[in-house]
Structures are given as C-alpha cells and as structure tokens.
Chemist: 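This is the structure I want to talk about, given as structure tokens.
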Amino acid sequence: MKQIFTNFYGFDDVRITRIPIYVKDGIIVEEFEKDEDTEVIDCKNLALVPAFTDLHVHFRDPGFTYKEDIETGSKAALKGGFTSVLLMGNTNPPVSSPEVYEDIIGRSKDLDLIDVEQVYTITENLGGKSLYHLEKMPESVKFLSDDGRGVNDDNIMYEAILKAKELGVKLALHEEVARVSRKDYEIAEDAMTIRDCYLAYKLDSPIHFCHVSTKGAMTAIKYFKELGAPITCEVTPHHINFSDKEREEMKVNPPIRKEIDRKFLIQMIKEGYVDAISTDHAPHTKEEKDKGAPGFIGLETAFSTCFKVLIKSGEISLNKLVEIMSTNPARILGLNKGKLEKGFEADFALIDLDEEYIYKEEEILSKSKNSLMIGQKLPGRIKKVYKKGILKYEDNR
C-alpha cells in the first residue's frame, strides 16, 4: 500500500503547507513516483502531527469492565489522537501472571485498534511484599508498576530496582508513603520521590515517575536529572489545568494541588524537565465517583486541554507539545513512532487547530463519563487518526 499525505500544516506554529509525506506499507519513506495504486490523502487546513502515546492508562480489563474495557478504551484513545498506550496493572486479577498479561495483549492485538503495552506488577498481586512472580514474567514486558499505591517497604523497593535492572525493564512508580498520605499527601509524594530518585541514581537503573503533582517532587526529579540519574517523568492534563483554589471538590490521586504546584509543573515543562504528558485515564461509574472514587477519564480531551493551558496561553509551542505527547513517550516506551521521519511508523493525528467545540457527555466514547471537561469549550479538534497508514478514527461531526 502506497500513500501520499499532502496539503497539511506542520506543527512548528508557522501556518504554511508542508512537503508531502510518503508512506509505504505503513512506514514513512522517501519520495516515490505516484502510480494508479497510490492513495492521495488531502489534509487541507489541518495540522498533521505524530499520533500521541500515553504512558499511563487504565482500561479496567479484566475485572472491572463495567467501567471500561479494551475496546471502549481503545476507541476513546483514538478519538483523542492516541495510537499507543501503556496500561496499568491494578485489574482483577492484577497483572502478576503470564496468563493475565498474555490475555490482555492477545485481545488487544485481535482488536487491531491501537498498540497496547501492558505493565507487570512490581510486587505480586500488588501486595507490596513479594517479587517472586517476576521469575515467570513474559519477555515482552517493558515496565513494572504497582500504580495505585507506592512500594512502601524500602528493602522491597531496593530489591525491585535491582531485579528490574537484571531483567532489563523499567519501573513506573506511583509515589505515596501510605501512612503519611492520610495526614499530608504532599509530603507523602515528596518523600517517596526523593527516595526513589536517589535509588535510581545510586543503582543506575531507569525509573519513570508517574503523575508528578508537587513542586517538591518535581524539584527532586530536576535535581537528580541534573546529576545524571536515568529518570523520566510525566504530568497529567488535570494537574496543569486545575488547582485547589478552583475545584476543591475534585477527587483524584494524587490530589489537585496548590496554584504554586500547578505553575511550577508548567515551568518545568517549559524548561524541559517533564518528559511526557500522560492522562492517568481512570474510568469510574457515577455511583463510584459519588462515593469518592479517585480519578477521571482524560484520553479524549488531553490534547485540547494541553492546547488550551500550554499553547493558547503562550507557555510553549505546538512543537514542544508534540515532543511531550508523541516523541518522548514513544521513545520511553521503545516504539518506532512519534516522529515524521523516514523509517518511522505512519501513525498520524490530523487536527483542526482553529475549531472549538463543546465536550458533550453524549459524545464520549469511553464507557465511563467521569470527565472534568464536560460542558467546557475546548480548542483543537482531532479530525482523523491513522495507525501505520490505516484510518482508525474519523470525526464526522
């Protein structure tokens, strides 16, 4: 299959039409001569960017599919411009066995909607005590995570880092000292982040820090990055969009922080210390949210939220946003995508940067509707999404 994507804008904030992109069998190639079998895709008045990769997603499958499943989650991802996600392991049963892991990966491949990577739990069944299950971990696993809780036992964390290094995988860490978080969640995140930054530095083992939300945690990450520690980090759209002075009733873990934290996260994005924007897409039913379940869906609105907060406000360029939503997370996940260069997969999102839209509950593709953005006017609508040159999503409104 040969394709030419033409007549589109780039993403360097200069609204001029770029040279065409040539695709053969789903891979970006050098220019070729058009023939009768070549599909020409006119992207007039749209920006073409590398499709996004989300390093932190919950599809609730298996065990909680009344909230979300692999198919509905994948469709929500596509609507938001994502063709790759990393799923967390706090399912039922947790992803602590080859059987559960292979079932998720197999069903994802059968659907053929997006590329799904699945974490394996750090501790067996998220219990915080045993690493024995890692002896039977499938070779294709790239990340270990106990997301939803921190690894509170210092010795277990130390041993887990050594084991991850031995296995050649990375850790994705939820930072929270459990007993402290009941009294002061800010200190709970800061303290564990400092511990694990130090361990990554001393043991020279890669760690990715999930949903960083405080100035203290981000300052520690900045400090140890400058020392050369092999660490990366993500922030969420909701932590850079909201602060506690605006929405005190919001329930999410980690919580919406102070305005000083929100502004500091944005400053760290500008200075290049934040590697990725990740949604922490967390579907819940209305009844669960009413009872205080933490988290929100975010895949469908992530780009528009960041476009509003970071670009419309003049904080960063579109090029920088693509770097932290496409290029960096794809690299961290070891994927051959995230750049519009020869040899990379033809995963593209076509975006109308000028269109504003109201995010309506009845249009949500996720099975859950627990979004903070319902009823808000958002800029930048995803119009089409291609995965390896194949159209996977099209906005028909």
Side-chain angles (χ1 to χ4, degrees), residues 10-14 47 49-56 81-82 84 86 143 170-173 175 189-190 193-194 196-198 200-201 204-241 243 254 257-280 298 302-335 337-341 344 349 380:
F11 48 91
D12 54 3
D13 301 324
V14 179
V49 307
F52 311 131
T53 292
D54 195 330
L55 295 172
H56 196 122
F82 294 88
S84 308
L86 178 63
F143 273 89
K170 301 176 183 178
L171 294 166
L173 300 182
E175 300 296 71
E189 180 175 342
D190 293 353
T193 302
I194 292 168
D196 293 336
C197 281
Y198 177 79
Y201 174 63
D204 191 31
S205 187
I207 287 178
H208 179 75
F209 290 90
C210 299
H211 43 53
V212 181
S213 68
T214 67
K215 182 177 180 179
M218 194 67 237
T219 299
I221 290 167
K222 177 178 184 289
Y223 175 80
F224 279 96
K225 276 193 169 200
E226 290 173 348
L227 286 181
I231 58 179
T232 55
C233 71
E234 67 189 39
V235 300
T236 72
H238 48 272
H239 284 114
I240 62 172
N241 188 30
S243 62
R257 301 297 191 179
K258 303 182 186 74
E259 182 68 1
I260 190 174
D261 298 297
R262 187 187 76 85
K263 288 182 175 179
F264 191 75
L265 294 181
I266 292 174
Q267 184 61 35
M268 291 298 94
I269 290 173
K270 293 169 68 173
E271 293 184 20
Y273 291 100
V274 173
D275 299 279
I277 297 285
S278 301
T279 64
D280 194 7
F303 173 79
S304 292
T305 302
C306 294
F307 191 61
K308 179 188 74 171
V309 173
L310 297 173
I311 297 176
K312 288 286 190 178
S313 63
E315 298 286 358
I316 65 172
S317 66
L318 180 57
N319 184 66
K320 179 65 175 178
L321 184 57
V322 169
E323 179 184 322
I324 58 177
M325 289 190 72
S326 303
T327 310
N328 288 351
R331 172 181 52 79
I332 291 168
L333 201 47
L335 304 175
K337 57 177 73 178
K339 291 185 178 182
L340 303 182
E341 297 179 4
F344 282 77

Chemist: Are V322 and S326 side-chain neighbours, meaning at least one heavy-atom pair lies under 4.5 Å?
Modeler: yes
Chemist: Return yes when atom CZ of F344 has more than 12 non-hydrogen atoms of other residues, nucleotides or ligands closer than 6.0 Å, and no otherwise.
Modeler: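 Yes, because the 6.0 Å sphere around CZ of F344 holds more than 12 heavy atoms from other groups.
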Chemist: Do K258 and D261 come close enough that some side-chain heavy atom pair is under 4.5 Å?
Modeler: yes
Chemist: Just by modelled atom types, is the I277 backbone N or O under 3.5 Å from a matching donor or acceptor in the E234 side chain?
Modeler: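 It does not hold such a pair.
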Chemist: How far apart are the closest heavy atoms of A47 and G10, and which atoms are they?
Modeler: CB-O, 4.0 Å
Chemist: Should we say atom CG of L227 is surrounded by more than 12 heavy atoms from elsewhere, each under 6.0 Å from it?
Modeler: yes
Chemist: Atom CD1 of I269 and atom CD1 of I240: how far apart are they, to the nearest 0.5 Å?
Modeler: 4.5 Å
Chemist: When rounded to the nearest 0.5 angstrom, what distance separates OG1 in T327 from CG in D275?
Modeler: 12.0 Å
Chemist: Would you check if T232 and K170 make a side-chain contact, meaning some heavy-atom pair closer than 4.5 Å?
Modeler: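 Counting from C-beta outward, T232 and K170 never come under 4.5 Å.
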Chemist: Out of curiosity, N319 CG to E323 CD, how far, rounded to the nearest 0.5 Å?
Modeler: 7.0 Å
Chemist: For a 4.5 angstrom cut-off between non-hydrogen side-chain atoms, does C210 reach D280?
Modeler: no
Chemist: Restricting to non-hydrogen atoms, name the atom on T53 and the atom on K337 that form the minimum distance, rounded to 0.1 Å.
Modeler: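 It is OG1-CD, 4.3 Å.
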Chemist: Does a side-chain heavy-atom distance below 4.5 Å link N328 with V274?
Modeler: no
Chemist: So which atom in G380 and which in S304 form the shortest heavy-atom distance, rounded to 0.1 Å?
Modeler: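 So the two residues come closest at O-OG, 2.8 Å.
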Chemist: Whether the Y273 and E226 side chains hold a donor-acceptor pair (N or O, under 3.5 Å, no angle test) is what I'd like checked.
Modeler: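 Yes, E226 and Y273 have a side-chain donor paired with an acceptor closer than 3.5 Å.
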Chemist: Output the distance between atom SG (C306) and atom CG (L318), rounded to the nearest 0.5 Å.
Modeler: 11.5 Å
Chemist: Starting at CD1 of I260, measure out to OG of S243 and round the result to the nearest 0.5 Å.
Modeler: 11.5 Å
Chemist: Counting N and O atoms only, with roles assigned by atom type, does the side chain of H239 sit under 3.5 Å from a partner on the main chain of P254, one being a donor and the other an acceptor?
Modeler: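 Yes; at least one donor-acceptor contact below 3.5 Å.
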Chemist: Side chain of K320, backbone of L310: donor and acceptor closer than 3.5 Å?
Modeler: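 No.
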Chemist: Decide if atom NZ of K339 counts as having more than 12 heavy atoms of other residues, nucleotides or ligands within a radius under 6.0 Å.
Modeler: no
Chemist: If you look at every heavy atom in I221 and I231, which pair is closest and at what distance?
Modeler: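 In terms of heavy atoms, the two residues are closest at O-CD1, 3.7 Å.
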Chemist: Might you point out which heavy atoms bring F224 and Y198 nearest each other, and give the distance in Å?
Modeler: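 Between these two residues, the closest heavy atoms are CE2-CA, 3.8 Å.
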Chemist: Could you tell me whether the side chain of E189 and the main chain of S213 form a donor-acceptor pair under 3.5 Å?
Modeler: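 Confirmed, E189 side chain pairs with S213 backbone.
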Chemist: Quick one: are F11 and L321 in side-chain contact, heavy atoms under 4.5 Å?
Modeler: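 Side-chain contact under 4.5 Å: no.
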Chemist: Side chains of R257 and T214: donor-acceptor distance under 3.5 Å anywhere?
Modeler: no
Chemist: NZ of K225: more than 12 outside heavy atoms within 6.0 angstrom?
Modeler: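 Yes.
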Chemist: Is any side-chain heavy atom of M218 less than 4.5 Å from a side-chain heavy atom of C233?
Modeler: yes
Chemist: To the nearest 0.5 Å, how far apart are OG1 in T193 and CD in E175?
Modeler: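 Here the rounded value is 4.5 Å.
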Chemist: Please report the closest heavy-atom contact between L86 and L333, naming both atoms and the distance.
Modeler: CD1-CD1, 4.1 Å
Chemist: I'd like to know whether K308 forms a side chain to side chain contact (heavy atoms under 4.5 Å, CB included) with N241, so could you lay out the CA-CA distance, the side-chain angles of the two residues, the decisive distance to 0.1 Å, and finally the verdict.
Modeler: CA-CA 9 Å; K308 179 188 74 171; N241 188 30; 3.6 Å; yes
